[in-house]
Asker: 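My questions will all concern the structure given below.
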Number of protein chains: 2
Amino acid sequence: MALLSKSCVYGIRAAILMAIKGERDYLSIKDIAEELNLSAHFLTKILQQLTQEGLLLSHRGPKGGVKFSRPAREIKLIEIVAAIDGLELFEACALGLHGCGTATPCPLHEKWAKHTVLLRTLFETEDLEKLASNVGDAGLRLRTLSQLDILEFNKNKKK
Amino acid sequence: MALLSKSCVYGIRAAILMAIKGERDYLSIKDIAEELNLSAHFLTKILQQLTQEGLLLSHRGPKGGVKFSRPAREIKLIEIVAAIDGLELFEACALGLHGCGTATPCPLHEKWAKHTVLLRTLFETEDLEKLASNVGDAGLRLRTLSQLDILEFNKNKKK
DNA sequence: AGTATTGAGGACTCTTTTATCCTAAACTAA
DNA sequence: TTAGTTTAGGATAAAAGAGTCCTCAATACT
Ligand code: SF4
Ligand code: SF4
C-alpha cells in the first residue's frame, strides 16, 4: 500500500510546482496539470479541496487560477496531506485497532508510536519553498517518467 | 491512507495469535477468525496467500488447519507483509514517481529514503515470537475494540 | 464405505478510490 | 453586451480493495 493516496501525491506535486512557478500570479490548473502530465479535471477536484481548506485562493475566468493564500515558506507538507488524506496516517496504529495506546496497547505499540512521530515531524518540517528550491538546485523532476523516458535514461547511463 | 492493507493487518493479527496459541498443532482458521472477530472466509483467503508463500503449512479435514512452516522466532513481520501487500511500501517513493533515486531524485528523496530504511528495519527486526510474548506479558489485545468495549473501558477509567 | 470437517479456490457483491465528462457560475477583455 | 476562459461541482464510469457465498478436494473418524 502506498503511504499517500494518489490524490494526495498529485496535490503535493502540484503544490511544489506552484511554489517553483512563483507565488504572485494565479496559475491555471490546466497548465499545472499539463506540466505534471495529469488529468486537468482530476487535479481541479484535488486543488478544490486545498482551496476549501484555505490553503489556496482561487479565481475564475481569464487570468484566473489558483495561488497560495500564504507564503510558500509557511506552508508545510503536512497541511497538504491533512487537507486531502487527513491526519489518519500519523495517528492510526499499525494494526488498525481502535482505542489504542491508552489502556491496552498492542505488541507493536511502542516502536510504532516512535515511528509515527518521526514521520509526522518529517512532514511538519518540510515547507513548500524548501522543496521547491531543492527541485531548482538539482534539476529534479516532478513528472512521472514514461516508459520512453526510462529507456532514454538507460541509454544515457550506458554511455 | 493506511500503511498496510486490511488483508495485511488481518494476516498479521492472525499470525501473532497463532504464535500465542502454540506452534505444534494445526489451528483451524475458523477458530482464529472467531477469536479475532473476523470473517472466516476472508481470513481463509488471506492465510492462503501465506501458505502459497511457504510461510504456513495447511492441512484439510478434521484436525486440520494451518501452522507455521518454521519456528515463529524465525518469521519476521516483513515476511507477512511481503506475502500479502508486497514490498512496495519499503521501496516506493513518497511522491509515487518511477525510476527514482537513480538519476533524478525528487525533492524529498534523501529524507524519505532514510525513513523507508527505518521502517523496513522495524519490520525486519520484529519476529512473531517476540510479538506474541509481548502480548502475553502485558495482557494486550488483538481484537478490535467494539463500541461496547470502549464504553466499558471509559467506565473503568473514571473510577 | 460413509459422513462430517476443514482448507482451496472461483464467482459474485459492495465500497472506496481514481478518473472522465458535462454544465453552471464567475470573470476578463474586446 | 458578447464571447471566451477558468474554477466549481455534480453525474457517471472504471478499477481496485474488501468482503460474502458456494462448491470442490482432502482428510479423519466411525
Ligand atoms: S497499541 Fe499502538 S501499535 Fe497497537 S494498535 Fe494501538 S496505536 Fe497501534
Ligand atoms: S527521488 Fe526519492 S522521494 Fe523522490 S520519487 Fe524518487 S524515491 Fe521518491
Side-chain angles (χ1 to χ4, degrees), chain A residues 1-14 18 25-69 81 83-86 88-89 92 96 144, chain B residues 1-14 18 25-69 81 83-86 88-89 92 96 144:
Chain A
M1 281 223 125
L3 197 69
L4 304 170
S5 71
K6 288 210 169 191
S7 296
C8 192
V9 166
Y10 296 165
I12 292 173
R13 286 190 209 162
M18 286 172 65
D25 299 326
Y26 285 103
L27 299 169
S28 107
I29 296 178
K30 188 169 149 257
D31 292 348
I32 298 172
E34 260 169 29
E35 198 141 354
L36 295 177
N37 202 25
L38 298 176
S39 147
H41 284 291
F42 195 30
L43 187 58
T44 299
K45 288 241 153 93
I46 295 163
L47 296 187
Q48 268 172 34
Q49 297 181 70
L50 299 185
T51 304
Q52 284 160 358
E53 290 294 319
L55 285 158
L56 300 181
L57 299 174
S58 71
H59 197 70
R60 301 187 197 186
K63 300 270 177 189
V66 289
K67 68 175 180 182
F68 296 120
S69 61
V81 175
I84 299 175
D85 276 356
E88 185 206 339
L89 175 62
T144 306
Chain B
M1 281 226 127
L3 196 71
L4 303 170
S5 70
K6 290 214 168 191
S7 296
C8 194
V9 167
Y10 296 165
I12 292 173
R13 286 191 208 161
M18 285 172 66
D25 297 327
Y26 286 104
L27 299 169
S28 108
I29 296 178
K30 188 170 149 254
D31 291 349
I32 298 172
E34 259 169 30
E35 198 141 354
L36 295 177
N37 204 24
L38 299 176
S39 146
H41 284 293
F42 195 28
L43 187 59
T44 299
K45 286 241 158 95
I46 295 163
L47 296 187
Q48 268 172 36
Q49 298 182 69
L50 300 185
T51 304
Q52 284 160 358
E53 290 293 321
L55 264 72
L56 299 181
L57 298 173
S58 72
H59 197 72
R60 300 188 198 185
K63 300 271 176 183
V66 290
K67 66 176 181 182
F68 296 122
S69 60
V81 175
I84 298 174
D85 276 357
E88 184 206 339
L89 174 63
T144 306

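Letters go in sequence order (proteins before strands), and every chain restarts at 1. Here the structure is a predicted model, which is why all the values come from computation and not from measurement.
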Asker: Can you tell me the distance, in whole Å, between the NE2 atom of B:His41 and the C1' atom of C:dG10?
Answerer: 13 Å
Asker: Take a 6.0 Å sphere around NZ of A:Lys67 and say whether it holds more than 12 heavy atoms from other residues, nucleotides or ligands.
Answerer: yes
Asker: When the nearest nucleotide of DNA chain C is assigned to B:Leu27 and to B:Lys45 on a heavy-atom basis, which residue is associated with the more 5' position?
Answerer: B:Leu27
Asker: Give the rounded distance in Å between these two atoms: CZ of B:Phe42 and C1' of C:dG7.
Answerer: 17 Å
Asker: Over all heavy atoms of both residues, which pair between B:Glu88 and A:Met1 is shortest? Give the atoms and the distance, please.
Answerer: OE1-N, 3.8 Å
Asker: Round to the nearest Å and state the distance from A:Arg60 atom CZ to C:dA24 atom C1'.
Answerer: 8 Å
Asker: Among A:Thr44, A:Leu57, A:Leu47, find the residue that satisfies the side chain to side chain contact (heavy atoms under 4.5 Å, CB included) test when tested with A:Val66.
Answerer: A:Leu47
Asker: Within this structure, what is the OH-to-P distance between A:Tyr10 and C:dT17, rounded to whole angstrom?
Answerer: 15 Å
Asker: Does A:Met1 or A:Gln52 map to a spot on DNA chain D nearer the 5' end, using the closest nucleotide for each?
Answerer: A:Gln52
Asker: Within this structure, what is the CG-to-C1' distance between B:Leu43 and C:dG7, rounded to whole angstrom?
Answerer: 12 Å
Asker: Starting at atom CG of B:Leu56, determine the distance to atom C1' of C:dT6, rounded to an integer number of angstrom.
Answerer: 15 Å
Asker: To the nearest 0.5 Å, how far apart are NZ in A:Lys30 and CD in A:Glu34?
Answerer: 5.5 Å
Asker: Could you check how far OH of A:Tyr26 sits from C1' of C:dC27, rounded to whole Å?
Answerer: 11 Å
Asker: Parallel under 30°, tilted from 30 to 60°, perpendicular over 60°: which one fits the rings of A:Tyr26 and A:His59?
Answerer: parallel
Asker: Hey, does the side chain of B:Ser28 come within less than 4.0 Å of C:dT6's phosphate (OP1/OP2), counting only N and O?
Answerer: no
Asker: Looking at every non-hydrogen atom in both residues, tell me the closest pair between A:Leu55 and A:Ala83 and how far apart they are.
Answerer: CD1-CB, 4.0 Å
Asker: Expressed in angstrom and rounded to an integer, what is the separation of B:His59 atom NE2 from C:dA8 atom P?
Answerer: 11 Å
Asker: What is the minimum heavy-atom distance between B:Ile32 and B:Met18, and which atoms define it?
Answerer: CD1-CG, 3.7 Å
Asker: Go through DNA chain D in 5' to 3' direction and return only the first and the last nucleotide with some atom under 4.0 Å of chain A's heavy atoms.
Answerer: D:dG4 to D:dA11
Asker: Using the closest heavy atom to pick a nucleotide of DNA chain D for each, name whichever of A:Lys63 or B:Gly64 lands nearer the 5' end.
Answerer: A:Lys63
